[in-house]
S.K.: 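One structure is given below, represented as structure tokens, and several questions about it will come after.
This one's a predicted model, so the numbers in the text were calculated from it and none came from an experiment.
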Amino acid sequence: MEKKQREYLFDNYKVLLIVLVVIGHFIEPCYDQNPFLYELKWGVTAFHMPAFIFISGYFSKKVPSVKRLISGLVIPYFVYEVVYYLLYTFVLDKETELYFTRPKFTLWYLMALCTWRLTAPMVKKLPYHLPVSLAAGLAVGLFGIGNFLSIPRILFFFPFFLAGLEFDSSCLARFRNPWGYMGALGILGSMTVFLFTDEYHHQLPVKIFYGRYSYEGLGLSNLEGLLIRMACYGISFLLIYMFMLVLPSEKKSYTYLGERTMAVYIFHGLIYSCLKYGSSILGSVRSNVESILLILFCLAVVWLVSRRPFVRITDKIAHLV
């Protein structure tokens with residue numbers, strides 16, 4: 001059966017986002033050594049995971065069965081945790097432990113997605129559940145919980161999941177026109193210019209968008225942290241909706257990659273870990289030429305791990321039961 005047009009839009013959206021996820025991770029060790037990568041890191045971090053989670057919510061309108069959650073998320077989480085543990089311990093000689101309550105690297109998303117899908121049907125029954133979730137995301141920054149069960153990230157990003165869950169894509173038709181397209185491009189362009197000219201954000205850590213750290217851990221007072229996190233929510237939501245108006249809604253040659261994002265998400269992390277802990281190459285990127293080569297390498301990684309052998313592996317692990 002032919003997919004609906006709006007599904008192509010979200011597939012194309014996911015392609016952009018998974019590319020940004022890979023770039024965001026691979027420039028992590030070196031972004032502060034190059035002005036372009038520094039601003040790119042800010043732009044990517046302000047947008048990619050909130051949008052990814054929004055789209056995950058959009059495709060979670062049907063309440064999943066417990067069996068499907070276990071096979072699709074819980075079992076893969078435990079499998080990949082063991083894989084990361086073996087890689088860190090026996091290949092990269094990185095000190096770690098096999099603890100399942102503190103997800104390694106990108107695996108927090110699997111734990112969070114399972115939690116959101118389980119709890120969203122109940123949370124939706126609460127009055128003003130979206131403002132309540134925003135309040136919880138703000139409040140969790142007041143406490144130094146650490147990475148235990150990814151609680152800070154789960155609460156911080158939950159509003160994006162709920163917003164996606166309730167989003168009606170039919171309303172896009174009113175705005176996906178030449179005026180909406182030009183307006184969205186104007187806003188995105190203005191935000192890009194602001195990013196490369198503003199000096200205030202240089203005084204802040206890019207981790208304000210991670211959702212993982214307390215305000216104290218970010219070197220902020222509670223009041224500063226609350227205000228900055230509110231601004232982060234506003235920026236991320238604005239970017240999510242603006243990109244919906246400028247991305248193509250028709251099937252493209254690359255659209256199929258939107259159906260393979262899990263394979264890219266899992267396997268790029270393994271490649272990144274090998275390069276980060278097994279060599280110093282990522283931390284040595286400084287010049288603009290090296291930065292461009294690194295971004296091209298990220299695109300190559302996306303292409304490589306989106307091939308069918310990697311997709312089959314993730315599919316088989318997701319269907320072990």
S.K.: Do you know the tightest heavy-atom contact between Tyr215 and Leu138?
M.R.: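 Taking every non-hydrogen atom into account, OH-O, 2.6 Å.
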S.K.: Working to the nearest 0.5 Å, report the span between CG of Leu107 and OH of Tyr77.
M.R.: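 The CG atom of Leu107 sits 6.5 Å away from the OH atom of Tyr77.
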S.K.: Hey, could you give me the OG1/CZ distance between Thr101 and Phe148, rounded to the nearest 0.5 Å?
M.R.: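 Rounded to the nearest 0.5 Å, the OG1-CZ separation comes out at 5.0 Å.
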S.K.: Count the heavy atoms belonging to other residues, nucleotides or ligands that lie under 6.0 Å from CD of Glu166, then report whether that count exceeds 12.
M.R.: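 Yes.
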S.K.: Any sub-3.5 Å donor-acceptor pair from Ser236's side-chain atoms to Ala46's backbone N or O?
M.R.: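 Yes, the answer is positive, given that a donor and an acceptor are paired below the 3.5 Å cut-off.
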S.K.: Would you say the side chain of Cys114 lies within less than 4.5 Å of the side chain of Val74, judging by non-hydrogen atoms?
M.R.: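 Yes, at least one pair of side-chain atoms sits under 4.5 Å.
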S.K.: Ignoring hydrogens and geometry beyond distance, is a side-chain donor-acceptor pair present between Ser273 and Tyr84 at under 3.5 Å?
M.R.: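 No, no side-chain donor-acceptor pair sits under 3.5 Å.
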S.K.: So, does Tyr277 use its side chain to make a donor-acceptor pair with the main chain of Tyr88 at under 3.5 Å?
M.R.: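 Side chain of Tyr277 to backbone of Tyr88, a donor-acceptor pair under 3.5 Å: no, none is there.
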S.K.: Determine the sole option in Val301, Leu299, Leu293 for which the side-chain contact (heavy atoms from CB on, under 4.5 Å) test with Phe297 is passed.
M.R.: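 That would be Val301.
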S.K.: For Tyr181, does the OH atom sit with more than 12 other heavy atoms under 6.0 Å from it, leaving out its own atoms?
M.R.: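 Counting neighbours around OH of Tyr181, 12 or fewer heavy atoms of other residues, nucleotides or ligands fall under 6.0 Å, so no.
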S.K.: Enter the distance from Leu275:CG to His25:NE2 here, rounded to the nearest 0.5 Å.
M.R.: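 Rounded to the nearest 0.5 Å, the CG-NE2 separation comes out at 14.0 Å.
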S.K.: Quick check: do Val206 and Tyr31 have side-chain heavy atoms less than 4.5 Å from each other?
M.R.: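 Of all side-chain heavy-atom pairs linking Tyr31 with Val206, at least one is under 4.5 Å.
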S.K.: For the CZ atom on Arg68, are there more than 12 heavy atoms of other groups (residues, nucleotides or ligands in this structure) within a distance under 6.0 Å?
M.R.: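 For Arg68, atom CZ is not crowded (no more than 12 foreign heavy atoms under 6.0 Å).
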S.K.: Determine yes or no for a side-chain-to-main-chain donor-acceptor pair under 3.5 angstrom, with Lys41 supplying the side chain and Gly24 the backbone.
M.R.: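 Pair found, side chain donor or acceptor close to backbone of Gly24.
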S.K.: Let me know which of Leu113, Ile154, Ile55, Thr119 forms a side-chain contact (heavy atoms from CB on, under 4.5 Å) with Phe161.
M.R.: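 The single option meeting the side-chain contact (heavy atoms from CB on, under 4.5 Å) with Phe161 is Leu113.
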S.K.: Please verify the inter-ring angle class for Phe156 with Phe160; under 30° counts as parallel, over 60° as perpendicular, anything in between as tilted.
M.R.: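 Because their plane-to-plane angle is over 60°, the rings of Phe156 and Phe160 count as perpendicular.
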S.K.: Does Asp93 have more than 12 heavy atoms from other residues, nucleotides or ligands lying within 6.0 Å of its CG?
M.R.: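 Check fails, neighbour count at 12 or below.
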S.K.: Check whether Ser280 reaches the backbone of Gly283 with its side chain - one donor and one acceptor, N or O, closer than 3.5 Å.
M.R.: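 Not a single qualifying donor-acceptor pair exists.
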S.K.: Give the minimum heavy-atom separation between Gly180 and Leu245, together with the two atoms involved.
M.R.: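 For Gly180 versus Leu245, the nearest heavy atoms are O-CD1, 4.0 Å.
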S.K.: Only one of Asn12, Ile18, Leu20, Val19 forms a side-chain contact (heavy atoms from CB on, under 4.5 Å) with Leu16, so which one is it?
M.R.: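 Option passing the side-chain contact (heavy atoms from CB on, under 4.5 Å) with Leu16: Leu20.
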S.K.: For the residue pair Met244 and Phe54, establish whether any side-chain heavy-atom pair is separated by less than 4.5 Å.
M.R.: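 They are in side-chain contact.
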S.K.: So with a 6.0 Å cut-off around CG of Leu86, is the heavy-atom count from everything else above 12?
M.R.: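 Counting neighbours around CG of Leu86, more than 12 heavy atoms of other residues, nucleotides or ligands fall under 6.0 Å, so yes.
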S.K.: Any donor-acceptor pair under 3.5 Å linking the side-chain atoms of Arg260 with those of Ser306?
M.R.: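 The criterion, which ignores hydrogens and geometry beyond distance, is not satisfied for Arg260 and Ser306.
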S.K.: Specify whether Trp116 and Trp108 have parallel, tilted or perpendicular ring planes, treating 30° as the upper limit for parallel and 60° as the lower limit for perpendicular.
M.R.: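 Ring orientation of Trp116 relative to Trp108: perpendicular.
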S.K.: For Arg286 and Asn34, which heavy atoms make the closest approach, and how far apart are they?
M.R.: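 Heavy-atom minimum between the residues: O-ND2, 2.8 Å.
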S.K.: Do the side chains of Leu270 and Val305 get nearer than 4.5 Å, heavy atoms only?
M.R.: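 The answer is no, as the side chains (C-beta and beyond) never meet within the 4.5 Å cut-off.
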S.K.: Donor-acceptor check, side chain of Lys14 to backbone of Gly258, threshold 3.5 angstrom: yes or no?
M.R.: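 Yes, because the side chain of Lys14 sits within donor-acceptor range (under 3.5 Å) of the backbone of Gly258.
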S.K.: Answer yes or no: is there a side-chain heavy-atom contact under 4.5 Å between Phe52 and Tyr265?
M.R.: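 No, side chains not in contact.
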S.K.: State whether the side chain of Gln33 and the backbone N or O of Val285 hold a donor-acceptor pair below 3.5 Å, judged by distance alone.
M.R.: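 Yes; judged by distance alone, with no hydrogens or angles, the pair exists.
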S.K.: Treating Ile, Leu, Val, Met, Phe, Trp and Tyr as nodes and any side-chain heavy-atom pair under 4.5 angstrom as an edge, say whether Ile208 and Leu223 lie in one connected cluster.
M.R.: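 Same hydrophobic cluster.
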S.K.: Does the Lys61 side chain pair with the main chain of Phe167, one donor and one acceptor, at a distance under 3.5 Å?
M.R.: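 Checked: pair present.
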S.K.: According to a hydrophobic-cluster definition based on side-chain heavy atoms being under 4.5 Å apart (Ile, Leu, Val, Met, Phe, Trp, Tyr only), do Leu294 and Leu296 belong together?
M.R.: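 Same cluster.
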S.K.: Name the orientation class of the two ring planes belonging to Tyr85 and Phe90 (parallel below 30°, tilted from 30 to 60°, perpendicular beyond 60°).
M.R.: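 It falls in the perpendicular class, over 60°.
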S.K.: If you draw the axis of the six-membered ring of Phe105, does the NZ or CZ of Lys276 fall within 45° of it and under 6.0 Å from the ring centre?
M.R.: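 Cation-pi check for Lys276 and Phe105: fails.
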S.K.: Decide whether Leu195 and Met191 are clustered together by the hydrophobic rule: side chain heavy atoms of Ile, Leu, Val, Met, Phe, Trp, Tyr closer than 4.5 Å, transitively.
M.R.: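 Yes, Leu195 and Met191 fall within the same hydrophobic cluster.
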S.K.: Are the aromatic ring centres of Tyr241 and Phe175 under 6.0 angstrom apart?
M.R.: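 Between Tyr241 and Phe175, the centre distance exceeds or equals 6.0 Å.
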S.K.: Between Glu39 and His201, is any pair of side-chain heavy atoms under 4.5 Å apart?
M.R.: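 Glu39 reaches His201 side chain to side chain.
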S.K.: Without swapping roles, check the side chain of Tyr272 against the backbone of Val22 for a donor-acceptor pair under 3.5 Å.
M.R.: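 Answer holds: no.
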S.K.: Are Leu87 and Tyr99 in one and the same hydrophobic cluster, where Ile, Leu, Val, Met, Phe, Trp and Tyr link if side-chain heavy atoms are under 4.5 Å apart?
M.R.: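 No.
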S.K.: Is the ring pair His268/Phe26 parallel, tilted or perpendicular, if the boundaries are 30 and 60 degrees?
M.R.: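 The rings of His268 and Phe26 sit tilted, inter-plane angle from 30° to 60°.
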S.K.: I want to check a possible cation-pi pair here: Lys251 against Tyr8, using under 6.0 Å from ring centre and within 45° of the ring axis as the test.
M.R.: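 No; the conditions do not both hold, so Lys251 does not lie above the ring face of Tyr8.
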S.K.: Starting from Tyr256 and following side-chain heavy-atom contacts under 4.5 Å between hydrophobic residues (I, L, V, M, F, W, Y), which residues can be reached?
M.R.: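 Members alongside Tyr256: Val15, Tyr254, Leu257.
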